[in-house]
Undergrad: 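Before I ask anything, let me first share the structure, which is written out below as structure tokens.
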Amino acid sequence: MKTCYMMVGMMLLAATVRGNDRPSNQRIPESSNPSIEEEHQASEASLEGTHFVGKLDLTSLVPQRDTFISFMYIYEDVVIFSYADDNYCRLLTEDGQTVWEDTLQKDGFAYVNQWPTGEAIDLGVYQVIADKKFTALSGNVVYNSSNWHAVDRDGRPIGTYFLTATHTDRPAVIFSYQDNIHVLVRNLRNTSILWEGDLDSVRYYLLEIPSDDTLPVISIKASKPVSVMASCGVMDTYIPTFSGSYTGQDFIMGGCGTHVINIIPWEDNTTVTVVNLDDPADTIWTKTLEDRGILETRFLAGSKGTLLAVYVHADKDISICQVPYLSNGETSFAEYLIRGIDRDGLGLGTEFYVPMVRSKAPTMSEWFSKLHVFSNNENTHVRVKRISKYTGEETQVWAGYLDRGEYFEYSTPSNGIIHVTSTNKVAVQACCGFDDTNPFYGDFYSVGADFMPVWGDFDDSIIVRPDTIGEGLPRDTLTYELEVLNFTYDDDVIDIITTTAQPGWFHEVTDSLGNPLADTDADEMPDVGLLPATVGQTRLRVRVGIPEGTTAGTEDTFTIYGISSNSFNLYDSALVRTRVLKQGLIFVNPDQTQDVSPDAPSALYLLEVLNESNSDEIGEITWDGDWPLRVFDSGGEDELADCNYNDVPDVGKVEAFGGICSLYVEVEVPEDIDPASGQLDTLRGPRTAADTTMVWVHAASDGIVSDSATLVTSFIPGLSVHNFPNPFDTETRIVWSQPDEGEVTIRLADRSGRQVATIYQAACDAGLHTYLWQARSASGSALAPGVYVLILNYNPQEGPARRTTAKLLCTGRQ
């Protein structure tokens, strides 16, 4: 079985149609290992992929009603889970041969890794067919270091009922998205309870899996939607969003040890922020991604065996995957299997951006990564392009038509993003691995695993879909598109009735053009008109308006029922959920400057915290500065308390819609400042030392810093630093004075305190100094427009080190 992979590769090479896949020199993305990236870029032009179109034998699917089917490339095994009783399931080869068949009951599963003769399953393309709903976990489930997110019976990664496999001695993680969620986890092999407990919103539970010689399989049932990451590895999975798919703007995720995070932006100029879930004040990084479809790849560095959990927010739609895309070179290897995620976020779609990684390790022959595109529709036009990892150039690999059961296979030895577009929905799978023929790894064989999408026909029923969730601000009106389908055997008029959760909200259901629904059968209920039997369908437009002044976090559930006029027992509903976002931010102001002297060695600043959001918030206060300080409440006598007991002082609850609280900040001059050591700065006046205290405010509900106030306290005379011109665009002159000889380091930070660049570092004599700076960040890129803080650290040969700051305004390159 292991040698079959090499034989398949050789056969494909013999039948190759070479693509124009050569890069040109454009921009080179960031890399954690420049030497490896340079080697790959230099050799990439000589590496060409192979592609192949195959055909699955689907004759066994006639008739095609009441069946569910999934296509997949299997490395070694597959686990099939049943969500219904008396579910006849089969695993078939590409030519229609049955490898395995069985009738599974609800909560039942089958681990399939052998032919009927007892031989191991060969590498290749397979199909899983079932009479009722199922899910299939494909790849190499038992022996791999990856993780995957479980999906529910509808293929969604957030839900209330999951069946999944995981790994012995590897924990699973349950993430919650609402408060007061009760969770029950059972071992499917013996129905024993592994864990039962409660979770609140944006939290997680690390589920330890007991050691066993068999593959652990579990069920997870929750009172409200959760997501489940099985095996807690370091790579291989897409991350679900709060809205229940894999594409959106808010994510919580985690991994054990150092792992890769790949951001796929679906829009240009998308800003992404990553925050430590266990420490909301810890912003790990933030960046604006300029180009749609171009990955931003980072390491998340955690401790081995310890979960590093983060919250990711984007201002536009993104997807997140953990394919090891950051750096793979001549002495490194990749192993993964992952389904592609489309623009709509569930794996059956018409556009995908899929990262692909070459793999090579010491004494090991190079293994190509593989891509499969599966079609379940006739006459589907598919276009496959490759975006070079090193240049960003997009070149076409293949374009053609796929019918139902046909698939496109592409093997590539080079790193890049595969861009797939199609006229009908397709499924995409990517994988890379190695086998036990390699003497360096001995008997070790590994690749990833993932749940593959399932195409399904439905029972004799009415369908209203999909359940959907949206987010908006007060006074917004959101529009949703729904589909109504008649899967019965008779023509039928489908009546529409609705129920709402929030009084005072605007709700409207119309046809797809926005016209009111008529009552075509005169039964005093609006309907969608007559739908033909067997997949008659129409579309609805649903509009939901959020009233002005609605509190953030409020959620409305608008239920749309489609009811058969032929039989009231045939009906379905779709849930349209609308969540109110927090509108506005919490602000702290104003920025202030005070001078102090030996006679008056402290400065007292009055600040105001303003809540302009639509939710009551506890305004939490943090600060950073070198000089001693104390923070007092609005009375100016008592130091700030910790009202919500999270070890962060706060100003208490600030009312929504313009509530204000005040506080006092007292900054004291350190005792070691010498008032006689100043030197005259002829451009600004005498200074000996100055301190910049940054006071940050954030809402306790999300932990994201909203605003900051800058308090500059200067001791006369003192050390000084400034720049001119200010504002500036491409360059500015830094001017500073120091009282004695000593080491000087001048750095630049943004308003959040993140270091942007080290401008100057050297030993200097006493006196006035200047340095012409070209306004570039530490990476060498042009400084982005904005307000920055210039920080001068001064370390004299004798006496204490000191620091002073100045504010800069960069207008950017014109």
Side-chain angles (χ1 to χ4, degrees), residues 275-276 279-283 551-552 582-597 600-671 673 689-715 749-754 787-789 791 803-807:
V275 175
N276 189 332
D279 182 8
D282 178 14
T283 299
T551 303
K582 186 167 74 172
Q583 182 182 40
L585 301 170
I586 289 186
F587 297 95
V588 58
N589 54 72
D591 293 347
Q592 299 176 60
T593 300
Q594 291 190 34
D595 290 337
V596 294
S597 66
S602 66
L604 188 64
Y605 300 94
L606 173 62
L607 298 178
E608 288 187 338
V609 175
L610 172 65
N611 180 12
E612 291 190 353
S613 75
N614 56 336
S615 63
D616 295 345
E617 295 286 3
I618 293 178
E620 299 196 324
I621 304 296
T622 56
W623 57 83
D624 181 35
D626 288 340
W627 288 10
L629 63 83
R630 293 188 297 169
V631 183
F632 298 91
D633 61 18
S634 58
E637 296 181 358
D638 298 323
E639 295 194 44
L640 287 187
D642 176 17
C643 298
N644 55 349
Y645 307 104
N646 64 347
D647 298 325
V648 180
D650 52 64
V651 295
K653 186 172 76 172
V654 189
E655 300 290 337
F657 306 109
I660 296 177
C661 283
S662 59
L663 68 149
Y664 287 92
V665 177
E666 182 183 44
V667 180
E668 298 180 349
V669 177
E671 296 179 355
I673 287 185
D691 175 76
T692 298
T693 297
M694 302 292 294
V695 178
W696 292 288
V697 63
H698 59 83
S701 63
D702 56 24
I704 298 176
V705 173
S706 298
D707 191 30
S708 63
T710 303
L711 309 178
V712 179
T713 309
S714 300
F715 189 81
D750 59 22
R751 285 180 67 95
S752 69
R754 182 178 64 89
V787 177
Y788 296 85
V789 178
I791 304 170
R803 182 176 104 164
T804 189
T805 62
K807 191 175 294 186

Undergrad: Going through the distances and angles, do Leu629 and Trp623 end up as a side chain to side chain contact (heavy atoms under 4.5 Å, CB included)?
TA: CA-CA 9 Å; Leu629 63 83; Trp623 57 83; 3.3 Å; yes

Undergrad: Using every non-hydrogen atom in the two residues, find where Leu640 and Asp650 come nearest and quote the distance to one decimal.
TA: CD2-O, 3.7 Å

Undergrad: How far apart are the C-alpha atoms of Asp282 and Val275, what are their side-chain angles, what is the distance that settles it, and do they pass the side chain to side chain contact (heavy atoms under 4.5 Å, CB included) test?
TA: CA-CA 6 Å; Asp282 178 14; Val275 175; 5.7 Å; no

Undergrad: Quick check: do Val667 and Val665 have side-chain heavy atoms less than 4.5 Å from each other?
TA: yes

Undergrad: Do Trp627 and Val669 make a side-chain contact, defined as non-hydrogen atoms from C-beta onward lying under 4.5 Å apart?
TA: yes

Undergrad: Under a 3.5 Å distance rule, please check whether Asn611 uses its side chain to pair with a backbone N or O of Gly659 as donor and acceptor.
TA: no

Undergrad: Can you tell me how far the OH atom of Tyr788 sits from the CZ atom of Arg754, to the nearest 0.5 Å?
TA: 8.0 Å

Undergrad: Provide the closest heavy-atom pair for Leu607 versus Ala709 in the form atom of the first, atom of the second, distance.
TA: CD2-CB, 4.3 Å

Undergrad: Quick check: closest heavy atoms across Ala749 and Ile791, and the distance to 0.1 Å?
TA: CB-CD1, 4.0 Å

Undergrad: How far does CG of Leu711 sit from CD of Gln594, to the nearest 0.5 angstrom?
TA: 8.5 Å

Undergrad: So, does Asp626 use its side chain to make a donor-acceptor pair with the main chain of Asp691 at under 3.5 Å?
TA: no

Undergrad: Given side chain to side chain contact (heavy atoms under 4.5 Å, CB included), test Ser662 with Leu606 step by step and report yes or no.
TA: CA-CA 7 Å; Ser662 59; Leu606 173 62; 4.1 Å; yes

Undergrad: Tell me whether Gln592 contacts the main-chain N or O of Thr710 through its side chain, where contact means a donor paired with an acceptor under 3.5 Å.
TA: no

Undergrad: Take atom NZ of Lys653 as the centre, draw a 6.0 Å sphere, and report whether it contains more than 12 heavy atoms from other residues, nucleotides or ligands.
TA: no

Undergrad: I need the Thr283 OG1 to His698 NE2 distance, nearest 0.5 Å.
TA: 9.5 Å

Undergrad: Using the side-chain contact (heavy atoms from CB on, under 4.5 Å) rule, pick out the option among Ile621, Val631, Asp633 that qualifies with Val651.
TA: Ile621

Undergrad: I'd like to check Thr693 versus Asp624 (side-chain heavy atoms, cut-off strictly below 4.5 Å). Are they in contact?
TA: no

Undergrad: Do Trp696 and Asp707 come close enough that some side-chain heavy atom pair is under 4.5 Å?
TA: no

Undergrad: Nearest 0.5 Å, please: how far is CE in Met694 from OG1 in Thr622?
TA: 10.0 Å

Undergrad: Would you please test Phe632 and Leu663 for side chain to side chain contact (heavy atoms under 4.5 Å, CB included) and show each step?
TA: CA-CA 6 Å; Phe632 298 91; Leu663 68 149; over 6 Å; no

Undergrad: Can you check whether Ser708's main-chain N or O pairs, donor with acceptor, with Arg751's side chain at less than 3.5 Å?
TA: yes

Undergrad: Ignoring hydrogens and geometry beyond distance, is a side-chain donor-acceptor pair present between Thr713 and Tyr605 at under 3.5 Å?
TA: yes

